[in-house]
Amino acid sequence: MQDLLAGIRVVEVAVYGFVPAAGAALADCGADVIKIERPVNGDPVRSLSTYGISPGDGGVTTLWECFNRGKKSVAMDIGSPRGREILMSLIDEADVFITSFMQPARERLGIDADQLLARNPKLIYGRGTGQGPLGPDANKGGFDGLSYWSRPGVSTAASPPDYDYPVLLAGPGFGDVQSGLNLAGGILGALYKREKTGKGGIVDVSLFSSGLWSMQASIAGCFATGRKNIEQLDRRCPPNPLTNIYRSGDGDFFVLGMLEADRYWAALCAALDRPDLAENAKYGTMATRMENSAELVGELDATFLQWTMAEIAKRLNSQEGQWSRVEYPGDVVKDEQAIMNGFLQTVKYENGATLPLVAMPMQFDEVAPTLTRAPEHGEHTAGVLASVGIAEEDAAALRQDGVIA
C-alpha cells in the first residue's frame, strides 16, 4: 500500500489533531509528509494531556504518535523572512499542502490558497477548518468537541434521556480522526483530477461538515417527523429486543444486532435453549415482540445472566443472527480480527516502548500500510533543508538566528 502515493510530497502546516490526522493517513499511503513545526516546543499536541493520558505515559506520547506517525519534522519559524523563503522552496516542489491555520493567519504568513496556487498551479491545497470557509463563523476556531461533537447534534443524540447534561466527546481526537480521513480522501480525489487536467485546486473539509455527515440520517429523520431529537432508546424496552445490549453472568456486555428479527428468532431461541420463547404467541412476530418488549427483555436478561461470556459466545456463534461483544478501548488491542487484518499494528521505539497504532481504514489490493513512529521535534530539519539546496554552514547560521531548530 506504501506505493499508492509514492513520490507525492506533502507539506503540512498544522497543529493538534484534525489536519495532522489527514497527514498521517497520507503517510500511511506512502506520501512523503513534511510537517513544519515551531522551532520552540513544536506542535502543542506533543505536550497535551487529555482524558487521563499524559505525554510520556508508557514511554511514548500517544496523541503525537497517532496523529503524526510516518512523517518528517522540520522545526522552522515560517513567520520569519528566511523561514518563509525556505517554506516556499518546499512548496515549489510539493504536490499537496495541508493546513489548519485560519484565514487571517494564512494571509499574514503568505500561505493562503490564492497565494500558493499562484506560485504552484499544480498544488493541491487542503484546508481543514472548524466551521467551513464561508459564513459568519468561517474565522472562528474549532475543536472536535465543539464543531464535530456538539454543534451537529452528536452529543445530544448520544445522551441517555435521564442524563442531566449531554455527554462529552467520546475520547481524545474522536472527531479529528474522522474529519482528517475525510480530508485525506478529498486530497486523493484531487490528485486524480490533477492527473486528468494538470491543474491543482482547493480541498475543503471542516469538523462541522464531518459531524453533519455522520448525523445526516438523524437530521433528516428529525426534520421528517418534526422532532428536535431522535428517539432516545431505552434498553429495558427497545422497539426490537433483538437489537439491544445485554450482560453475561460474569459481567461482560454484548449487543444483538438482528435487524431482520423474524428471520433469526426461532434459531436464536434454539441456541439459547429457550424454545418456549419461540412458541409463545406474545413473541412470535416483530410486532408482538415490540408490544411485549419489556417482558421479553426481562426473559432474555435472565437467560443470559446464567452463563459466562464464553458460553454465550459459543451459543450465539451457533446461529446466523448478528451480534458482537462490547469492548473497552484497552481490550481492543487483543482483538485477533483487528490484528490479522493489519487494522492494529504494534510500533516499536528505540527506548524499548511499544504502542499499538490504528492504520488508515482503507486498504488497496488487500495490503495494509506499514506503520512507523512519529518524528522527534526537528528530527529531519537538516535533511529537508539540504534537499532544497541549503548547505550545512548556512543551516548552522539559521539555527543560531532561531529560524530553525
Would you find a donor on one side and an acceptor on the other, under 3.5 Å apart, between the side chain of [X] and the backbone of [Y]?
X	Y	value
H380	V74	no
R235	N244	no
N341	F343	no
D401	V403	no
T354	T346	no
Q178	G175	no
Q345	G342	yes
R373	Y349	no
T381	G378	yes
D112	Q103	no

Under 4.0 Å between a Lys/Arg side-chain N and an Asp/Glu carboxylate O for [X] and [Y]?
X	Y	answer
R82	E85	yes
K71	E12	yes
D252	R247	no
R9	D95	no
E379	K72	no
D262	R289	yes
D335	R325	no
D43	R38	no

Do Y246 and F253 have ring centroids that are under 6.0 Å from one another? no

Quick one: do the Y283 and E299 side chains pair a donor with an acceptor below 3.5 Å? no

How about S206 and Q131: does a side-chain donor come under 3.5 Å of a side-chain acceptor? no

May I have the step-by-step check of side-chain hydrogen bond (donor to acceptor under 3.5 Å, both in side chains) for T308 and D250, ending in yes or no? CA-CA 5 Å; T308 65; D250 53 353; 4.7 Å; no

Please list all pairs meeting ring pair (Phe, Tyr, Trp, His ring centres under 6.0 Å) that have one or both residues in residues 163-220, counting only residues at least two apart or in different chains. W149-F174

Is there a side-chain hydrogen bond (donor to acceptor under 3.5 Å, both in side chains) between T288 and T285? Walk through the geometry before answering. CA-CA 5 Å; T288 58; T285 67; 3.2 Å; yes

Should the pair F143 and Y16 be assigned to parallel (<30°), tilted (30 to 60°) or perpendicular (>60°) ring geometry? perpendicular

Count the heavy atoms of every other residue, nucleotide or ligand shown that sit under 6.0 Å from CZ of R46, and state whether that count exceeds 12. yes

Given side-chain hydrogen bond (donor to acceptor under 3.5 Å, both in side chains), test N317 with W323 step by step and report yes or no. CA-CA 9 Å; N317 284 337; W323 75 280; 3.1 Å; yes

Listing, residues 133-140 side-chain donor-acceptor contacts under 3.5 Å, not counting sequence neighbours, or none:
| unit_1 | atom_1 | unit_2 | atom_2 | d |
| --- | --- | --- | --- | --- |
| D137 | OD2 | R151 | NH1 | 3.0 |
| D137 | OD2 | R151 | NH2 | 3.1 |

